[in-house]
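Keep in mind the model is a prediction, meaning the values are calculated, not measured. For the numbers below, each heavy atom of this structure counts, side chains included, while hydrogens, waters and symmetry mates do not.
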Amino acid sequence: MTAKRTVYHVSPSGERAAAAGVKWQVEGREGRRLLHEPHRTQQEAIDSARRHAKEHTPAQIMVHARDGHIRTAYAYGDVLAVPPDERGRRAGEPGGVF
C-alpha cells in the first residue's frame, strides 16, 4: 500500500491580503494539520512548499498562475506528476486533481 501524498498549492492571495503586502500563499494538509502560509513573492512561496514537500514525501506541489490555472507541478517521492490533460484546469473545477 502506498502512502497518501500531500499536495501543496502555491496560489495568489486574496485582495485583502494583497493590500497588506502578502501576495502569495502556500496551502496544504499535513496529516490532520492544515497549512496556510502567507508570502510576499511567488518564489518565496515555492521555496517554502518545496521544504514542506521534502519533509512530507510523497508530496506534490501545484503552482497556480494569477488566474487560477495550474502553471506547473513538482513531485517528490513516489508520486506521479499531474497528467497533461489535468493541467490548465482552474482550482476547484470538476474533474481536476483537487
Can you measure from [atom1] ([X]) to [atom2] ([Y]) and round to the nearest 0.5 angstrom?
X	Y	atom1	atom2	result
Leu35	Glu30	CG	CD	5.0 Å
Ser11	Trp24	OG	CH2	7.5 Å
Glu37	Glu44	CD	CD	11.0 Å
Tyr76	Ile61	OH	CD1	4.0 Å
Gln25	Gln42	CD	CD	12.0 Å
Thr6	Arg33	OG1	CZ	11.0 Å

For this session: Establish, from distance only, whether the side-chain atoms of Glu27 and His36 form a donor-acceptor pair under 3.5 Å.
Result: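 Present: a donor and an acceptor within the cut-off.
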Exercise. Do you see a donor-acceptor pair shorter than 3.5 Å between the side chains of His9 and His64?
Worked result: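 The criterion, which ignores hydrogens and geometry beyond distance, is satisfied for His64 and His9.
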For this session: Tell me, please, which residues at least two apart from His52 pass ring pair (Phe, Tyr, Trp, His ring centres under 6.0 Å).
Result: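 Ring pair (Phe, Tyr, Trp, His ring centres under 6.0 Å) check on His52 returns Tyr8.
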For this session: Measure the shortest side-chain to side-chain distance between Ser48 and His39 over non-hydrogen atoms and say whether it is less than 4.5 angstrom.
Result: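 Result yes, sub-4.5 Å side-chain heavy-atom pair found.
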Problem set entry | Considering all heavy atoms, the nearest Ala45-Val10 contact |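 The pair with the smallest heavy-atom distance is CB-CG1, 3.7 Å.
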Exercise. Taking all atoms of both residues into account, what is the closest heavy-atom pair of Gly28 and Leu34, and its distance?
Worked result: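 For Gly28 and Leu34, the tightest heavy-atom pair comes out as O-CD1, 3.4 Å.
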Exercise. What do the steps show when you test Ile70 against Val63 for side-chain contact (heavy atoms from CB on, under 4.5 Å), and what is the final call?
Worked result: CA-CA 6 Å; Ile70 297 171; Val63 180; over 6 Å; no
